[in-house]
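This one's a predicted model, so the numbers in the text were calculated from it and none came from an experiment.
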Amino acid sequence: MNNKQQLEYLLRIRKIREVMVVKDNIHLTYKYKNRNHAFKQVENLQDKIINHVIDDVLFGNVGELKNIEKTTSKIINDTLVNERKRIHRIDDRFVNHAVKSNTEIYSKFFNNRLNNIKYSLQLRIEEELRKNSIRNLSDSEIRKILSEKYADTGKARLKNIVKDSIHTNESNISFIQALNEGYSYKVWMNGRSKGKTRPWHRARIIASVPIDEYFDIYGSYHAELMYPGDLNGGAENVANCRCWLRYTNRTPSNLKKKSSFNIPHSSYLHGRNKGSVKQNGLRVNSKSGNKITRTISNIGNKIKNIRTKITEKIKQNILSLGNKFGSNFNKQFTIDENPDINIHEFDEIKVKRKLRDTLPKEFSDESIDYILDVLKKRGNASIEYGQSFNYKTGKPLNRECKGIKDEVDIDMENVDLDQGEIATQHNHPSTGLRAPSGHDFFVAMGNTWEDYKVIISKNEIWVIEAKGRFDTKIRNTVYERLNEFAMNSMKKANSKNLEKGTFERWEFLNESYGGDVKKYINFIENINIYQVIL
């Protein structure tokens, strides 16, 4: 063989060996074995729920399925814990906390999605029973037809949540490992999605950053992510994302400079540029400037068109389903607790004076009036509701969102996060802690667009002021510490033999936990809290 033939032969041998290494890679096999096991559990759970809904519609009063939340939490927990063992064998408290936090968040995502699928499925099956085509069949025949027709309902979406949880968990753990190993920089990478990478996730338009700083991501809104899958980015950046990071101690060529020009959201979408300044890692010169401008403009227009089509399609589906099934369907998209019936009464003049004397001067009288209106409406609510508002004008920035039990996700999709003067509010139900939870502080410290978080309850109003950036380590530390305070308060209540669910126990828990929160937060820089006792 001549030299060229020898080279080709060696390259083929190398490729074959690489394929064999991939096949024999126990970590890779274990990864997909772990994921596929979770998929089977998801399918079994959804089959169980589908059959339960069918029986409930056919026969009625079959009762509620038990331990669904525990089952979903176990599926996510087992999956992420096994992932942790695969990629990080050392017992590290920060890694373990990350896994725990990701498990809690994705378990809630899973349950929310499951509830929505269950409700929608029930409406569709009820509509099927109204059709003459199956009305005259026997119960067993109807059950078989419906089981086959709706066998795959929601399974793909639930599997996607499992995949997203694995991706977030892997990225989070790798980030902690890189911090522990002393890397200086991180570089955004992609290519695993086979040509389906989000236009705004392409590595060539995302500037590299020092390891403890955020990546600037410009989709339909500006988001700051520590790593791919960071839940601060919202569903637009997390769902089905398969990007990853490369960590290095060599200065990347596209490192984001402190003095670099930051592209506003609108200019990114419309492709405006200012000469040869660096735009999110792109160097624009006289030869490539026009080409880059056209590319960015095309990406922006594509994003806007896709988003418009999706939004219109969702609206049409909601309207058509609402007309089809009646007003009950719309309960998932509106507020169910009637504030006129459940109104909270208090001395408005006295409370307004206390708020004015306690809250920062940035809060206008109009915003205080808005908080009082929410207190009237949601002070007695049994679950959480939330909304964003402008604390200078007092005007809401989006619709009021309803939570699931004791937590609410505030929808910020149509809010301009670059406008400033943004605060959010949500209520804490009376059977719970009135002071901010560890999760409240974790979110407030992570949202750079949010200056204040207002927590409203029947007896107290708390406000968190967390302006600026807080790294993940500080946020996790605060989250863990406040959870410890809550656990300690419950232990103290148990030692005093205070019966669970009683007024005396809740008052003790709130006084103990609230006092610990105030003492601790006073020692954290750049965070202030304000408490108004009604």
> In chain order, what residues pass the salt bridge (charged side-chain N to carboxylate O under 4.0 Å, His left out) check against K163, with sequence neighbours excluded?
Replying inline: none
> Side chains of Q46 and T153: donor-acceptor distance under 3.5 Å anywhere?
Replying inline: no
> For T248, what residues pass the side chain to side chain contact (heavy atoms under 4.5 Å, CB included) criterion, not counting sequence neighbours?
Replying inline: Y185, V187, R246, R250, P252
>> How long is the straight-line distance from OG1 of T79 back to CG of N102, given to the nearest 0.5 Å?
In response: 12.5 Å
>> Evaluate I529 against V463 for side-chain contact (heavy atoms from CB on, under 4.5 Å), listing each step before the verdict.
In response: CA-CA 6 Å; I529 53 172; V463 176; over 6 Å; no
> Between H428 and D440, is a side-chain hydrogen bond (donor to acceptor under 3.5 Å, both in side chains) present by the stated rule, with each step listed?
Replying inline: CA-CA 11 Å; H428 278 191; D440 289 334; 3.1 Å; yes
>> My understanding is that only residues two or more places apart in sequence, or in another chain, count here; which of them pass ring-ring contact (aromatic ring centres under 6.0 Å, His included) with F110?
In response: none
> Got a second to check how far N36's CG is from Q41's CD, nearest 0.5 Å?
Replying inline: 11.5 Å
> How long is the span from the CG atom in L121 to the CD1 atom in I54, to the nearest 0.5 Å?
Replying inline: 7.0 Å
> Could you walk me through whether F39 and V162 pass the side-chain contact (heavy atoms from CB on, under 4.5 Å) check?
Replying inline: CA-CA 8 Å; F39 284 175; V162 173; 4.0 Å; yes
> Counting only N and O atoms by type, is there a donor-acceptor contact under 3.5 Å from the side chain of R198 to the main-chain atoms of E236?
Replying inline: yes
> Which heavy atom of G438 sits nearest a heavy atom of Y513, and at what distance?
Replying inline: N-OH, 3.9 Å
> Does D56 come within less than 4.0 Å of K118, counting only side-chain N to carboxylate O?
Replying inline: no
> Taking it one step at a time, do E104 and H439 satisfy side-chain contact (heavy atoms from CB on, under 4.5 Å)?
Replying inline: CA-CA 11 Å; E104 290 174 354; H439 182 261; over 6 Å; no
>> To check you understand the geometry: which heavy-atom pair defines the closest contact between R434 and W462, and what is its length?
In response: O-CD1, 3.6 Å
> How would you list, by chain and number, every residue that makes a ring-ring contact (aromatic ring centres under 6.0 Å, His included) with Y227, sequence neighbours excluded?
Replying inline: F175
> Got N232 and M226 here, is their nearest side-chain heavy-atom distance under 4.5 Å?
Replying inline: no
> If you round to the nearest 0.5 Å, how far is NE2 of H167 from CG of N160?
Replying inline: 13.0 Å
> Nearest 0.5 Å, what's the OG1-NZ distance between T103 and K100?
Replying inline: 10.0 Å
> Would you say the side-chain atoms of D164 pair up with the backbone N or O of N240, donor to acceptor, closer than 3.5 Å?
Replying inline: yes
> With no hydrogens and no angle check, is any side-chain donor or acceptor of N169 less than 3.5 Å from a backbone partner on S165?
Replying inline: no
> Within the distance-only criterion (no hydrogens, no angle test), does the side chain of N44 pair as donor or acceptor with the backbone N or O of K40 below 3.5 angstrom?
Replying inline: yes
>> Quick check against the 3.5 Å criterion: does N447 have a side-chain atom that pairs as donor or acceptor with the backbone of W449?
In response: no
>> When you compare the side chain of R143 with that of D55, does any pair of heavy atoms fall below 4.5 Å?
In response: yes
> Do the ring centers of Y479 and F441 come within less than 6.0 Å of each other?
Replying inline: no
> Does atom NZ of K159 have more than 12 heavy-atom neighbours, drawn from other residues, nucleotides or ligands, at distances under 6.0 Å?
Replying inline: yes
>> Going by the rule ring-ring contact (aromatic ring centres under 6.0 Å, His included), which residues pair with F94 if we only count those two or more places apart in sequence or in a different chain?
In response: none
> Does the pair R378/E400 count as a salt bridge with the N-to-O cut at 4.0 Å?
Replying inline: yes
> Just checking, R475 and F470: is the charged tip under 6.0 Å from the six-membered ring centre and within 45° of the axis?
Replying inline: no
>> For the residue pair N249 / S184, report whether a side-chain donor-acceptor contact shorter than 3.5 Å exists.
In response: yes
>> What I want to check is whether the side chains of D451 and Y391 have a donor and an acceptor closer together than 3.5 Å.
In response: yes
>> Under a 3.5 Å distance rule, please check whether K155 uses its side chain to pair with a backbone N or O of A151 as donor and acceptor.
In response: yes
> Does atom CD of E181 have more than 12 heavy-atom neighbours from other groups under 6.0 Å away?
Replying inline: yes
> Is a donor on one side and an acceptor on the other found under 3.5 Å between the side chain of S101 and the backbone of H97?
Replying inline: no
>> Contact between N51 and S147 at the side-chain level, heavy atoms closer than 4.5 Å - yes or no?
In response: yes
> Hey, is the main chain of I422 close enough, under 3.5 Å, to the side chain of N390 for a donor-acceptor pair?
Replying inline: no
> Just checking, K186 and Y247: is the charged tip under 6.0 Å from the six-membered ring centre and within 45° of the axis?
Replying inline: no
> So, T168 side chain and G229 main chain: donor-acceptor pair closer than 3.5 Å or not?
Replying inline: yes
>> Donor-acceptor pair, distance only, cut-off 3.5 Å: does the side chain of Q387 make one with the backbone of N398?
In response: yes
> side-chain contact (heavy atoms from CB on, under 4.5 Å) between E43 and D152: does it pass, once the steps are laid out?
Replying inline: CA-CA 8 Å; E43 289 183 348; D152 294 326; over 6 Å; no
> Residues in side chain to side chain contact (heavy atoms under 4.5 Å, CB included) with N237, at least two apart?
Replying inline: W200, H201, I217, Y221, A223, L225
> Step by step, would you call T72 with N111 a side-chain hydrogen bond (donor to acceptor under 3.5 Å, both in side chains)?
Replying inline: CA-CA 7 Å; T72 55; N111 280 308; 3.0 Å; yes
>> Looking only at the side chains, is there a donor atom on one of D416 and Q419 sitting less than 3.5 Å from an acceptor on the other?
In response: no
